[in-house]
Every structure is written in structure tokens, then in C-alpha cells.
Amino acid sequence: MNSQERVIELLITGYSHDGKGVGRYAGKPVFVAGALRGELVRVEFGRERKGIINGQLLEIIEAAPERVTPVCSVFSSCGGCQLQHLDYQAQLQMKREIVSNALQRIGGFKDIDVHLTLGMAEPWAYRNKGHFRVSKAEGNISLGFYEEASHKQVQESCRHLFSQAVVELLDSLPDLLEQHQVPIASDVDAGIRHIMVRESSSRGEILMVLILSEPLNYDFSAIAREICKNNPRVVGVCTNINPRKAGPILGRDIEIVYGKGELLDTIGPYTFRISPHSFFQVNNHQTEVLYSKALEYAALKGEELVVDAYCGIGTISLYLANQAKKVIGVEVVAEAIQDAEENARLNKVSNVEFIQGEAEKVLPELVEKGLQPQVVVVDPPRKGCGQPLLDSILQVKPERLVYVSCNPATLARDLKHLATGGYQVQEVQPVDMFPQTGHVECCVLMSRVKD
Ligand code: SAH
């Protein structure tokens, strides 16, 4: 490509797995964030990597009818949301298509009817957890996100995906941190680097974790008390130390400075204890929709032994236990297992057992010892299920498998493997857990058709 060709007009003909517009130039796909199918756009090419070209959107020459004005003022630079420029019903349609394409292209499945994505009536202010980068420039403290693919911070914390109470709390923090002269981390100085906020949607309670770059000689009790006094919804302020700049935001130990170190929240009829380290779905309303689907697909009659692999704090396990003989949950994070056990007690559910360990090791061991589940539920992280787990499912041959996935690509890969071992995809239901973003959640039912 010569330099005159760096800016071209491109017709967008489809979508990538994360909601970018895709057009073709000289036979190669060009990915354009912010462009919609059917649009004619002017783009500037970035560098080509592995045959993939990312184009930067310069101008929309002809707009698609589904294009809407993004609600957020920093939408184009923030990177937290990818789809605010697309009408919500069209977002739901796009997510259905992303799942369908992945099943076809990666899974090799033809003619699978993917159900319409189950969306929200009010697709805003749904996030119950967020982390924000704290920084100080020219004496001013700010809380914000990183611009996508760069290290420049967007000087505004998110206002549209969180509740009003969380937004107000975040707004009040820079002044408070200033007044209390709290050290802020920089390339050279130690201090606060991130703030994590978790909110219990059902109770309105908020837990805050101040994440420090290293142990500080600073007493946080005064600011913690003031935060809780000014914002009665904040029930606890904790600190955590994480020297690593990349990777997970939270380091190991959580120390309570004031109030509580955990939250209680409710999904459907169940109450859950949530520790800062434990995974909990970020959108309570849609989680209930998702779990109800998982329960429906499990089609339990009360006699089944069920395995819930990647069970987190035991949410799906408890949802299923009421209609099963017994549920065994498997999860790698020790705190999550403690939460799961506490949650079973809290909800007076006794026919569950939780095992800490990697699902890829634990399930094969259980199968080796003769465990014979009739239903297996998996809800793995983005990288999908490890092969040993899938192989032990094929070995033990449960009647039904419910696969909850946050990544259509690994979902399709894993379903393909299971299909070669006698399972057939029966239902595919995308659920919009992350409105305005390109993320897609999905619940799939597979059943055994061959031995
Ligand atoms: N089903 C739960 C959690 C799903 S998220 C819910 O809906 O809330 C995926 C979970 O898998 C996380 O809790 C994560 O800690 C856990 N996990 C990640 N890798 C794992 C592995 N190899 N074995 C078991 N659990 C794992």
C-alpha cells in the first residue's frame, strides 16, 4: 500500500466478533471501530498485522439508519463502550449475529437457530462493579479510564453505566483525596493507583477498595470515615496492595479500613455474599434472566446429580439445587469457594458441595472415582473450557450440558469438540449482559444424542 492509499472510502459489509465494522480492501478485511454495516466511511489505515488491517474512522459519508447519537461525551475516546452509536434493538440483533457467525465459522455448525438476544428495557446504569484509574496531573486528581489501545487516561469516570449513587461518589472523591492529602501513584511515587467500587443492586450498598502501588505510611481511617459519613450507602472502605502495573487490578490481601469487607446482594430468590476478589456477574437484572435460562435448559426433575463447573460464589449451583438431588460446584478461587459455602448456609441450601481447584483437574478426578452426573453446567472465563474438562464430560456422558459463555469464539470451539463426542446443540440463547458494549453472553443447551 502506498502513502496515497492510506486514506480510502470503504463500504462496511459486516461486523467483527466484538462489534467493529468490517469492509474489504484489496481482498483483505479492514476493521473499523465505530462504523456500522451499510455505511460508506472514510478511513485511515493503520499498520497491517497478520493480514488484519485496522482502519481509523475519519468520516461517515453515508450513515446507516440504525445510527444514533452516543449518550456519553467521551464515548469516542474512552473504549469502555463500543456500541453507543448503534440503536439498542440493532445492538441485540448484532449480538445474535455475532453468536451465529461464530457457531458457523469456528464451530462448523450449519442451520442453528440462535434465539433473539434477550435485552434490557432500560439498557443503562446496570454495572454493579467498576475500577477507575486514579492519577494526578498538574496538581489535579482525576478518576478515569484508559483510552483504548493507549496509556492516555480519559479524564472522566463513567457516568452512564453506573448508578447515580456510584457516579456521585466518584465525583466527590478527587476533592476528598486532595483534602486528606492522600498520596497518588505515579511512575515515580507510591500511592493509590486504582479504586474499585462494588455495589449491591438490591440493597444499594457500596463497597470501596483503594488499591495501592505499595504499602504506604498513611492512615486511611479519617478519609474512610468521611467517605462513609458523606455517602451513607458506602458500607465499607478497604485497602489492597498491588505492585504490578499490568494484569489483574486487585492484589492479594484485602484490609478493612472502615465498615465491612464484603457485600450482600440478591439474584431472584437468593442472597449472595460477595467478597472483593470473587467473581459476580456485573448486571443483576440480566443475571436473573441468564440463570433462569440455565435452570430451564437443565430441565431438572429433582433426582439429578449436577456439576456446576467454574461456579464462582455458587450462584448457579444454588439456583439449580432446589430442583436437583445434589449439585457439586467447582471453582479455582479460594475466597469464592468460601463465599459459595457461606451462600449455601445463608440460603439454607444443604444439597450442594463446593470443591476448590481447577475444573480441568477436579472433574476428571471425580469421574475417575465414579461420579456420574446427569447434568453438567459450565460457565468458564473468556478462554473457554480446558480440553481435559471437555474430555471428561464426553467420558461420563451426562444427558444434558448447559454452557454459559461470555465469549462466542471459545464457545463455538468447545461446542464443536462436544459435538464430535455425541452431543447436539439444542438451544442457543444470547442474553445482553453488557448493553452498549461489544460483549456477548450466551446460554446453550446441548443434549446427548449418541453414545
Ligand atoms: N458461574 C459463576 C462464575 C462464572 S465466571 C457466576 O455466574 O457468577 C468464571 C469463574 O471461573 C470465575 O469465578 C473464575 O474464578 C473461575 N475459574 C477460572 N478458571 C478456572 C478453572 N481453571 N477452574 C475452575 N474455576 C475457574
Side-chain angles (χ1 to χ4, degrees), residues 127-129 198 200-202 247-250 252 262-268 270-295 297-298 306-321 324 327-344 346-347 349 352-367 375-393 401-407 410-411 414 429 431 433-434 439-444:
R127 277 197 75 97
N128 61 25
K129 177 182 153 185
R198 257 188 150 157
S200 160
S201 300
S202 59
I249 299 274
L250 272 187
R252 254 178 56 86
E262 75 218 7
L263 286 178
L264 288 180
D265 207 349
T266 306
I267 305 280
Y270 301 101
T271 298
F272 299 103
R273 180 180 87 173
I274 308 158
S275 302
H277 274 108
S278 300
F279 177 90
F280 189 65
Q281 301 281 359
V282 298
N283 180 337
N284 286 47
H285 183 274
Q286 293 299 88
T287 299
E288 188 170 353
V289 174
L290 180 74
Y291 290 172
S292 303
K293 229 354 120 182
L295 183 61
Y297 287 173
V306 184
V307 169
D308 175 20
Y310 311 91
C311 70
I313 61 172
T315 42
I316 295 179
S317 311
L318 295 189
Y319 246 77
L320 301 176
V327 182
I328 299 177
V330 184
E331 160 66 42
V332 76
V333 173
E335 286 88 345
I337 286 287
Q338 283 164 15
D339 283 352
E341 284 165 350
E342 175 61 23
N343 289 333
L346 212 60
N347 292 284
V349 176
V352 287
E353 180 189 344
F354 294 104
I355 302 176
Q356 193 216 330
E358 289 173 26
E360 297 78 14
K361 290 199 181 128
V362 173
L363 193 64
E365 278 166 19
L366 292 175
V367 168
V375 177
V376 172
V377 178
V378 297
D379 183 6
R382 289 189 64 75
K383 67 176 186 214
C385 296
Q387 178 107 3
L389 178 90
L390 298 177
D391 288 339
S392 64
I393 291 174
L401 176 91
V402 181
Y403 194 133
V404 179
S405 157
C406 57
N407 183 347
T410 53
L411 169 73
D414 291 350
Q429 178 63 69
V431 176
M433 199 67 116
F434 315 98
H439 296 288
V440 187
E441 189 85 17
C442 204
C443 185
V444 172

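Every value quoted in this text rests on a predicted model; they were computed, and no experiment measured them. We count ligands from 1, going down the list as the structure has it; atoms in each ligand are counted the same way.
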Q: Taking only heavy atoms of the protein into account, state which residues are under 4.0 angstrom from an atom of ligand 1, in chain and number order.
A: Phe279, Gln281, Tyr291, Tyr310, Cys311, Gly312, Thr315, Ile316, Glu331, Val332, Val333, Gly357, Glu358, Ala359, Glu360, Asp379, Pro381
Q: May I have the step-by-step check of side chain to side chain contact (heavy atoms under 4.5 Å, CB included) for Tyr291 and Thr315, ending in yes or no?
A: CA-CA 8 Å; Tyr291 290 172; Thr315 42; 2.9 Å; yes
Could you list the donor-acceptor pairs under 3.5 angstrom formed between side-chain atoms of residues 354-361 and any protein atom two or more places apart in sequence or on another chain?
residue : atom : partner : partner atom : Å
Gln356  : NE2  : Val332  : O            : 3.1
Glu360  : OE2  : Tyr310  : OH           : 2.5
Glu360  : OE2  : Gly386  : N            : 3.3

Q: Please report the shortest heavy-atom distance between Glu441 and Val404, naming the atom on each side.
A: OE2-CG1, 3.5 Å
**Q.** All side chain to side chain donor-acceptor pair (under 3.5 Å) counterparts of Asn347, not counting sequence neighbours
**A.** none
Q: Go through the structure and list residues passing salt bridge (charged side-chain N to carboxylate O under 4.0 Å, His left out) with Asp379, not counting sequence neighbours.
A: none
(Q) Working note: Asn128 + Asp265, criterion side-chain hydrogen bond (donor to acceptor under 3.5 Å, both in side chains); need CA distance, chi angles, decisive distance, verdict. (A) CA-CA 10 Å; Asn128 61 25; Asp265 207 349; 4.7 Å; no
